[in-house]
Protein chains: 2
Amino acid sequence: MRDNKRATISDVATQAGVSRAAVSKVMRSAYGTSDDMRKRVEGAMAALNYRPQFAARALRGRTYTLGVLLPDIRNPFFPDILDGITQALADTQYQPLLGVRPSVEVTERGLIETMLDRKLDGLILVAPVLGHDYLMQLSAMTPTVLIGRHDQNGGFDTVNNDDRLGAKLAIDHLVAQGHSHIAYLDLEPLKDAPFNPARFRRQGYQSAMRAHGLGENELITVIGPDSGSERGRAAARQLLTSKRRPTAVFGWTDESALTVMSAAHELGLRIPEDLALAGYDNSRLCALAQISLTSIDQDAQLLGRASARMLIERIEGRREDVHFVTAPQIVVRGSSGGARANGGTVTTERRPRSA
Amino acid sequence: MRDNKRATISDVATQAGVSRAAVSKVMRSAYGTSDDMRKRVEGAMAALNYRPQFAARALRGRTYTLGVLLPDIRNPFFPDILDGITQALADTQYQPLLGVRPSVEVTERGLIETMLDRKLDGLILVAPVLGHDYLMQLSAMTPTVLIGRHDQNGGFDTVNNDDRLGAKLAIDHLVAQGHSHIAYLDLEPLKDAPFNPARFRRQGYQSAMRAHGLGENELITVIGPDSGSERGRAAARQLLTSKRRPTAVFGWTDESALTVMSAAHELGLRIPEDLALAGYDNSRLCALAQISLTSIDQDAQLLGRASARMLIERIEGRREDVHFVTAPQIVVRGSSGGARANGGTVTTERRPRSA
DNA sequence: GTGAAAGCGCTAACAA
DNA sequence: TTGTTAGCGCTTTCAC
């Protein structure tokens, strides 16, 4: 009984007394269908419990499937993006197909090839490390939207938060708390992808420090890409045991800030008294009472929703590049001394969300 | 230039001077191909940069795509399973296609239908809450493997750790630390899915407590399914402020234990002095110095690898049900007082992994 | 061992 | 507005 009585378009056509083409038209709500016919066809589809097969559609037309490439399913920031994408797609015919880069070694290209083999209608690439040229080629073949890349003029859309502003918010806050020695935890520079968020956050950090007259105190430590690794932890320990130990640290992601928090804990440093901390992404962990990490919220769900909508626009014909940017907000918690250290109280609540 | 020069099987056949059928055979390494021919075909495929289209294959034969249904991408336990699946699939022709249940309200059935529409060759369902009958129907149509369900005789395979044993390990440890009032954080009973892990862990808790002569001290608090929600947090606070406050708590997942840890923190309780904690899954968070949560490791990667291999066996023809069970291990950390509270030292290291 | 031919379920010209 | 017809790229008998 393996799937052998699944209804096809011909069954529906027979049942409704129309041609297969008519059924196809009704499905795609294409031009040239009378109300009568639509009703009969819809009745037949329901009666036969008909569902179109994607493989057959794909061979001729669209797959109604969008590829979503995530670099890392573990960073809690990315599932929020996925939620946003799912929300935006809920009212449409489109479905997301997920690809997750299993490790840093595996190239993203392989995954993209796979999605191309499956004839997906479009691609959402989250924080890809692919070079600009490759992305241009790719987007010439398939509608593409990037999240977390500031590249321009590539034939693809981008969706970002204002990374420079986010960094400024963090530094302004730490300075307001009385800090002048503030370090920045940076991602290792990506040769292929210079327009990555870490770079813009670093620029925001630098210009904010200078604006406060603290340019001489700038201290940048590379801790990524995998700050949870032994290498990342070693970098954190080194930062905290150096002569020039900062009194505050701003991490390019929450993960990087947490690595430093963990190291501080092991070294017996009190937070925020001995060391203030702020991260980026406002991922769920930040709110845990034991963590209580001040962080920059870039509204991942909104990024996801926007990317899905923009991709569909592209699929339906838009040609000009669109670059969508959201405004980050700071969420102050105990780690920066902005709220009582034990309470984990959020003094700056997440803003109400627009569309 | 939208994808219009992609080589097809005909192009390869022409280039190699053979028939299309011959090319197809080489691809599937089917019977009846001479070495000569294979060489020429492979040369032509390489020269033309040929890649078969999945949609076209799907219409006639296999899709070489396996559906993986995850209930929750945020729980760090699940990405580990996914890693295992990816590893096992790396050497095969098969690719995973991910479906993630976007919210508790969305039924898993919708996602499964979608995968069926795409003619996937088989399904790995992680911790589904679907009824036994539905799963039987499903597995009659499509090869299916379940992770995190102890159902038997359903026409599908299952992959689990020994949940009863895992719970026993946790209770034995807490008792050895001198505790006699140990509470269990439970998942709300699932009517449709009685054979879920939480139930087996509860049974393990109960029988271990009785074995230690502590049957009268049993205390079960429902905190799931979403222990991070306000309801879950309220349950945690209630547990910790009640007259019969336990001195130790064993959570059915790490997430549930963390919710209690967070509540304890807010109430000013010291860990492990005032309250000892143990969780289940040994997810990455447990190792963070500020968290340092004792937990039961069920080797998610192994579960993932096993499920992928078993599914492929089924696809290639196995008919009998197989039920794979792994042995859990306890990883002792500061939260249970088994290691120095501040150090987060792991006294029981993760075991070396076998295939 | 190899190739010709039919057809998977659907879409998109075009004709009616 | 509707139906007819020809494929999309691949797999699969079944002759040769």
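In what follows, every chain begins at residue 1, and chains take the letters A, B, ... in the order their sequences are listed.
Evaluation of the side-chain contact (heavy atoms from CB on, under 4.5 Å) rule for Asp72(B) yields Arg74(B), Asn75(B), Phe78(B) as partners, not counting sequence neighbours. With sequence neighbours left out, Asp321(B) forms a salt bridge (charged side-chain N to carboxylate O under 4.0 Å, His left out) with Arg314(B). The side-chain contact (heavy atoms from CB on, under 4.5 Å) check on Pro197(B) picks up Asp163(B), Arg201(B), with sequence neighbours excluded. With sequence neighbours excluded, no residue forms a salt bridge (charged side-chain N to carboxylate O under 4.0 Å, His left out) with Glu320(B). With sequence neighbours excluded, the residues that form a side-chain contact (heavy atoms from CB on, under 4.5 Å) with Thr63(A) are Ala58(A), Thr65(A), Lys119(A), Leu120(A), Asp121(A). Not a single side chain to side chain donor-acceptor pair (under 3.5 Å) links Thr144(A) to another residue, sequence neighbours left out.
The two residues Gln15(B) and Leu48(B) make their nearest non-hydrogen contact at CB-CD1, 3.9 Å. Asp192(A) and Arg149(A) make their closest contact through O-NH2, 4.2 Å (heavy atoms, listed as atom of the first residue, atom of the second, distance).
Classification of Lys39(A) and Asp36(A) as a salt-bridged pair fails, no side-chain N sitting under 4.0 Å from a carboxylate O.
Screening residues 52-73 of chain B for ring-ring contact (aromatic ring centres under 6.0 Å, His included) gives Tyr64(B)-Tyr94(B) as the qualifying pairs, with residues at least two apart or on separate chains. Listed by first and then second residue, the ring-ring contact (aromatic ring centres under 6.0 Å, His included) pairs involving residues 110-141 of chain A are His132(A)-Phe156(A) (not counting sequence neighbours).
Of the residues Ile124(B), Leu98(B), Val126(B), the one that meets the side chain to side chain contact (heavy atoms under 4.5 Å, CB included) test with Leu82(B) is Leu98(B).
The C1' atoms of five pairs define one axis at each end of the helix from dG1(C)-dC16(D) to dA16(C)-dT1(D), and these two axes lie 30° apart (to 10°).
Nucleotides of DNA chain C that come within less than 4.0 Å of any heavy atom of chain A span, from the 5' end to the 3' end, dG9(C) to dA12(C).
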Query raised in the report: If the sugar-phosphate is the primed atoms plus P, OP1 and OP2 and the base is the rest, what is the B/S/- string for nucleotides 7-16 of chain D, using protein heavy atoms under 4.0 Å?
Result: BBBBBB----
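Only at 4.0 angstrom or more do the heavy atoms of residues 33-43 of chain A sit from any atom of DNA chain C, so none qualifies.
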